[in-house]
Amino acid sequence: RDIPNAVNLITTFLLFLVPVLYPAPESGLFAAINSLNPLSHLISGCRDLVFAGRLTNPVGFFGSSGFSVFIFLFFLRFFYLVETKIAERI
């Protein structure tokens with residue numbers, strides 16, 4: 001019961017840290033936090049493709065994309081493994 005609430009809280013927090021309406025900081029603590037935020041690389045990559053026509057940070061964009069696909073496939077497999085056990089408990 002608590003996991004969906006925690007995921008929602010963390011995702012909301014990370015979305016507020018993504019520089020969408022303001023430029024990404026070049027240095028400082030916020031720049032370090034921003035470089036570790038996977039949502040920042042995904043949103044900034046899409047924004048760069050639309051406005052500049054190229055990726056300014058392709059390693060971060062493709063790294064975050066690959067990480068997202070890996071997490072999706074991992075938990076999809078996990079869901080298929082425990083699906084019958086969850087249905088038995090309900």
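Just so it is clear, the values below take in all heavy atoms, side chains as well, and ignore hydrogens, waters and symmetry mates.
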With sequence neighbours excluded, residues passing side-chain contact (heavy atoms from CB on, under 4.5 Å) with [X]:
| X | result |
| --- | --- |
| Y80 | L76, E83 |
| F67 | I71 |
| T12 | N8, F16 |

Name all residues meeting the side chain to side chain donor-acceptor pair (under 3.5 Å) criterion together with [X]; count only those two or more places apart in sequence or in a different chain, and write none if there are none.
| X | result |
| --- | --- |
| T56 | D48 |
| S44 | none |
| N37 | none |

Nearest 0.5 Å, what's the [atom1]-[atom2] distance between [X] and [Y]?
| X | Y | atom1 | atom2 | answer |
| --- | --- | --- | --- | --- |
| N34 | L39 | CG | CG | 10.5 Å |
| F74 | F78 | CZ | CZ | 7.5 Å |
| L49 | L55 | CG | CG | 4.0 Å |

With the 4.5 Å side-chain cut-off for hydrophobic clustering, are F79 and V69 part of the same group?
->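 Result: yes, single cluster for both.
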Do L29 and F13 belong together in a cluster built from hydrophobic side chains that touch within less than 4.5 Å?
->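 Yes, it is one cluster - the side chains of L29 and F13 are joined through contacts under 4.5 Å.
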State, to 0.1 Å, how close [X] and [Y] come at their nearest heavy-atom pair, and which atoms those are.
| X | Y | value |
| --- | --- | --- |
| S64 | P38 | OG-O, 3.5 Å |
| V18 | S40 | CG2-N, 3.8 Å |
| F30 | P25 | CD2-CG, 3.1 Å |

Give a yes or no answer on whether the side chain of H41 reaches the backbone of G63 with a donor-acceptor pair at less than 3.5 Å.
->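 Checked: no pair found.
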